[in-house]
Amino acid sequence: MQSPVPHEPPIYRRIADRLRQAIKAGEFRDGDRLPGENALMAEYGIARATARQALAVLINEGMAVPRRGSGVYVRQFRPIRRHGSRRLSREQWGTGRAIWDGDTAGRPYAVDEIAVTREQAAEDAARVLGCEEVWVRRRRYSVDGRPVQLATSHFPVELVTGSPITVPDPGPGGVYARLRDLGHAPVHFTEEVRARMPAPDEASRLGLSAGTPVIVVCRTAYAAGGGAVELNTMIMDAASYVLQYDFDV
């Protein structure tokens with residue numbers, strides 16, 4: 001009996017595969033304009049909707065980005081490997097190194113937006129931190145010139161008021177080194193991870209193309225004795241990250 005013929009993927013998928021292969025082969029480089037809908041229609045004899053679907057595959061994969069009125073452009077970006085436990089080790093921040101030094105492995109990064117304010121604690125921060133007022137640090141991080149993460153950290157007012165945690169640059173080792181200086185060094189972290197579609201403001205600040213999801217990591221830092229000293233919510237461009245967690249059996 002003859003084996004069934006494998007089902008061939010739809011034409012828009014085959015076109016997307018060819019464009020992806022051309023990008024990986026170096027025929028199109030970062031920032032190059034990909035063939036537009038008209039060019040794909042002419043080359044493959046397809047309808048405009050099919051050409052649009054083919055380009056949308058690459059856009060949704062994070063390999064290309066549309067520019068209104070201009071076309072679709074290659075956006076190659078080597079994902080950041082975020083090692084969950086290693087980046088938060090005392091050996092990292094305790095010696096004055098930034099957590100991001102471990103994430104980026106020498107690639108250029110920047111905090112290109114930062115605001116520090118004293119506020120009434122939102123419901124989740126009040127519940128986790130057990131306080132009514134908090135200092136809030138809001139940041140946007142970019143790697144290789146590309147926005148990749150929004151982060152919002154909350155700290156109890158009575159714990160950090162008057163410390164460098166309440167100014168934009170907290171100094172070597174970041175906020176965890178300063179919590180140590182205050183006698184409340186983190187000794188335990190928990191992280192909850194989920195995925196969702198971004199809010200409009202998040203998509204705008206991260207420069208996300210349509211259809212790109214975000215990874216949401218909510219981290220709580222605990223000092224000796226079990227008290228929570230920080231609640232941090234991170235919104236990450238899902239196309240820019242690989243999350244790595246190691247476990248002993």
Q: Measuring from atom CD of Q53 to atom CD1 of I59, what distance do you get when rounded to the nearest 0.5 angstrom?
A: 12.0 Å

Q: Does the side chain of M236 come within less than 4.5 Å of I80's, by heavy atoms?
A: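 No - every pair of side-chain heavy atoms lies 4.5 Å or more apart.
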
Q: Would you please test I235 and R205 for side chain to side chain contact (heavy atoms under 4.5 Å, CB included) and show each step?
A: CA-CA 11 Å; I235 311 296; R205 292 177 65 196; over 6 Å; no

Q: Tell me the salt bridge (Lys or Arg N to Asp or Glu O under 4.0 Å) pairs involving residues 151-160, sequence neighbours left out?
A: none

Q: Suppose the criterion is side chain to side chain donor-acceptor pair (under 3.5 Å): which pairs have a residue in residues 21-33, not counting sequence neighbours?
A: none

Q: Are V157 and L159 linked, directly or through other ILVMFWY residues, by side chains that come within less than 4.5 angstrom of each other?
A: yes

Q: Are E43 and R18 ion-paired here, with the side-chain N under 4.0 Å from a carboxylate O?
A: no

Q: Decide yes or no for L55 and P66: does some side-chain heavy atom of the first lie under 4.5 Å from some side-chain heavy atom of the second?
A: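 When only atoms from C-beta onward are counted, P66 and L55 do not touch, as no gap falls below 4.5 Å.
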
Q: If I take atom OG1 from residue T166 and atom CZ from residue R118, how far apart are they, to the nearest 0.5 angstrom?
A: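 Rounded to the nearest 0.5 Å, the OG1-CZ separation comes to 10.0 Å.
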
Q: Are there more than 12 heavy atoms of other residues, nucleotides or ligands under 6.0 Å from atom CD of Q244?
A: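 Count over threshold, so yes.
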
Q: Please walk me through it: do E133 and Q120 pass side chain to side chain contact (heavy atoms under 4.5 Å, CB included)?
A: CA-CA 4 Å; E133 281 191 283; Q120 286 294 119; 3.3 Å; yes

Q: Report whether V136 and V217 are members of the same hydrophobic cluster (ILVMFWY, side-chain heavy atoms less than 4.5 Å apart, transitive linking).
A: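 Shared cluster, no.
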
Q: Does anything in residues 43-66 pair up under ring pair (Phe, Tyr, Trp, His ring centres under 6.0 Å), and if so which pairs, sequence neighbours excluded?
A: none

Q: Is the closest side-chain donor-acceptor distance between S153 and R139 under 3.5 Å?
A: yes

Q: Run the salt-bridge test on D17 and R20 with the 4.0 Å N-O cut-off and return the result as yes or no.
A: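 Yes, charged N to carboxylate O under 4.0 Å.
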
Q: Is W135 reachable from L129 through a run of I, L, V, M, F, W or Y residues, each pair having side-chain heavy atoms under 4.5 Å apart?
A: no

Q: Do NZ/NE/NH1/NH2 and the carboxylate oxygens of R178 and D181 come within less than 4.0 Å?
A: yes

Q: What pairs with P198 under side-chain contact (heavy atoms from CB on, under 4.5 Å), at least two apart in sequence or on another chain?
A: E202, A203, L208, V214

Q: With T220 as reference, evaluate N232, V229, T190 under the side chain to side chain contact (heavy atoms under 4.5 Å, CB included) test and give the passing residue.
A: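 Exactly one option meets the side chain to side chain contact (heavy atoms under 4.5 Å, CB included) with T220, and it is T190.
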
Q: Quick one: closest heavy-atom pair of I46 and L40, and the distance?
A: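 Here I46 and L40 meet closest at CG1-O, 3.7 Å.
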
Q: Taking all non-hydrogen atoms of both residues into account, name the closest pair between A224 and V187 and its distance.
A: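 Looking at all heavy atoms of both residues, the closest pair is N-CG2, 3.5 Å.
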
Q: Check step by step if side chain to side chain contact (heavy atoms under 4.5 Å, CB included) holds for E8 and R14.
A: CA-CA 9 Å; E8 190 174 40; R14 301 201 300 272; 3.5 Å; yes

Q: Can any side-chain N or O of R48 pair as donor or acceptor with the backbone N or O of M41 at less than 3.5 Å?
A: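 Here the side-chain-to-backbone pair does not exist.
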
Q: Using every non-hydrogen atom in the two residues, find where S142 and D112 come nearest and quote the distance to one decimal.
A: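 Heavy atoms only, the tightest pair is OG-OD2, 2.5 Å.
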
Q: Determine the minimum heavy-atom distance between V111 and I114, stating which atoms define it.
A: CG1-CB, 4.2 Å

Q: Shortest non-hydrogen contact from L206 to V148?
A: CD2-C, 3.6 Å

Q: Going by side chain to side chain donor-acceptor pair (under 3.5 Å), Y241 matches just one of Q149, R81, R82. Which one?
A: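 With Y241 as partner, side chain to side chain donor-acceptor pair (under 3.5 Å) holds for just one option, Q149.
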
Q: Suppose clustering is done on Ile, Leu, Val, Met, Phe, Trp and Tyr with side-chain heavy atoms closer than 4.5 Å. Which residues sit in the same group as V57?
A: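 Y12, which link up through side-chain heavy atoms under 4.5 Å apart, make up the rest of the cluster.
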
Q: Would V160 and H184 count as a side chain to side chain contact (heavy atoms under 4.5 Å, CB included) here? Give the steps.
A: CA-CA 10 Å; V160 303; H184 300 282; over 6 Å; no

Q: Roughly how far, to the nearest 0.5 Å, is the CG atom of L231 from the OG1 atom of T152?
A: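 One gets 9.5 Å once the value is rounded to the nearest 0.5 Å.
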
Q: In terms of hydrophobic clusters joined by side-chain contacts under 4.5 Å, are I11 and V72 together?
A: yes

Q: Determine the minimum heavy-atom distance between C131 and P156, stating which atoms define it.
A: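 Where C131 meets P156 most closely, the heavy atoms are SG-CA, 3.9 Å.
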
Q: If you link I, L, V, M, F, W and Y whenever their side-chain heavy atoms are under 4.5 Å apart, who else ends up in the same group as M197?
A: none

Q: Checking the side chain of R180 only, and the main-chain atoms of P186 only, is there a donor and an acceptor separated by less than 3.5 Å?
A: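 No; judged by distance alone, with no hydrogens or angles, the pair does not exist.
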
Q: Nearest 0.5 angstrom please: T50 OG1 to R52 CZ, how far?
A: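 Interatomic distance, T50 OG1 to R52 CZ, rounded to 0.5 Å: 10.0 Å.
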
Q: Would you say the side-chain atoms of R137 pair up with the backbone N or O of I165, donor to acceptor, closer than 3.5 Å?
A: yes

Q: Do V116 and V175 belong together in a cluster built from hydrophobic side chains that touch within less than 4.5 Å?
A: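 Yes: a chain of side-chain contacts under 4.5 Å links V116 to V175.
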
Q: How long is the straight-line distance from CG of L150 back to OH of Y141, given to the nearest 0.5 Å?
A: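 Here the interatomic distance stands at 10.5 Å.
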
